[in-house]
Amino acid sequence: MSGQIRYSDEFKIDAVAQVTKRGYSVKEVAERLGVSTKSLYTWMAQFSKALRQTDQDAEVRRLKKELARVTAERDILK
């Protein structure tokens, strides 16, 4: 056996989100989760683009919903 612990992508994404979205330091998150800072930096490089894309997708959905609401309000006033 290799002795390495395999973490799920969900675990890694949550760890990266704690640093990028919640503002915790890499060292603090690594110590709390029991992983090395090197691993956390690697995960950040791997998943930060995916997190930004997720944020952009959420923003697009919110804006589309708002546009539909405003369009409906405008149509009512016509």
Side-chain angles (χ1 to χ4, degrees):
M1 289 196 336
S2 65
Q4 291 181 330
I5 299 173
R6 296 283 181 183
Y7 295 102
S8 68
D9 286 348
E10 184 178 305
F11 177 85
K12 294 174 185 179
I13 290 170
D14 184 55
V16 171
Q18 288 183 40
V19 175
T20 58
K21 292 185 179 181
R22 298 182 195 133
Y24 293 109
S25 71
V26 171
K27 182 179 178 184
E28 183 181 1
V29 173
E31 287 176 355
R32 191 173 11 158
L33 296 177
V35 299
S36 70
T37 55
K38 182 184 182 316
S39 293
L40 192 49
Y41 278 116
T42 302
W43 299 344
M44 287 174 65
Q46 183 180 5
F47 292 107
S48 63
K49 183 177 179 181
L51 286 172
R52 281 193 306 273
Q53 185 64 40
T54 302
D55 289 344
Q56 289 174 348
D57 292 345
E59 179 70 5
V60 167
R61 282 192 304 276
R62 184 190 70 77
L63 290 171
K64 284 182 178 181
K65 189 176 183 179
E66 184 177 347
L67 177 61
R69 181 187 59 80
V70 170
T71 302
E73 288 176 359
R74 183 203 63 200
D75 291 344
I76 290 171
L77 293 174
K78 280 187 175 179

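All values derive from a computational prediction rather than experimental measurement. By convention here, the first residue in the shown sequence is residue 1.
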Who are the side-chain contact (heavy atoms from CB on, under 4.5 Å) partners of [X], not counting sequence neighbours?
| X | value |
| --- | --- |
| Thr42 | Lys38 |
| Lys64 | Val60 |
| Tyr7 | Ile5, Phe11, Lys12, Val35, Trp43 |

Going by side-chain hydrogen bond (donor to acceptor under 3.5 Å, both in side chains), name the residues that satisfy it together with [X], two or more places apart in sequence or in a different chain.
| X | value |
| --- | --- |
| Glu66 | Arg62 |
| Asp9 | none |
| Asp75 | none |
| Gln56 | none |

Query raised in the report: If you round to the nearest 0.5 Å, how far is CD of Glu31 from OG of Ser25?
Result: 7.5 Å
Query - Distance in Å, Leu63 CG paired with Lys65 NZ, rounded so as to fall on 0.5 Å steps - result: 12.0 Å
Query raised in the report: What pairs of residues pass the side-chain hydrogen bond (donor to acceptor under 3.5 Å, both in side chains) test when at least one of them lies in residues 14-23, not counting sequence neighbours?
Result: Asp14-Gln18, Gln18-Arg32, Lys21-Asp55
Query - Smallest separation among heavy atoms of Val29 and Ala15, with atom names - result: CG1-O, 3.9 Å
**Report entry** Least distance between heavy atoms, Ala30 atom then Leu40 atom
**Finding:** N-CD2, 3.9 Å
Query raised in the report: Can you tell me if CD on Glu59 sees more than 12 non-hydrogen neighbours from other groups inside 6.0 Å?
Result: yes
Query - Arg74: partners by salt bridge (Lys or Arg N to Asp or Glu O under 4.0 Å), with sequence neighbours left out - result: none
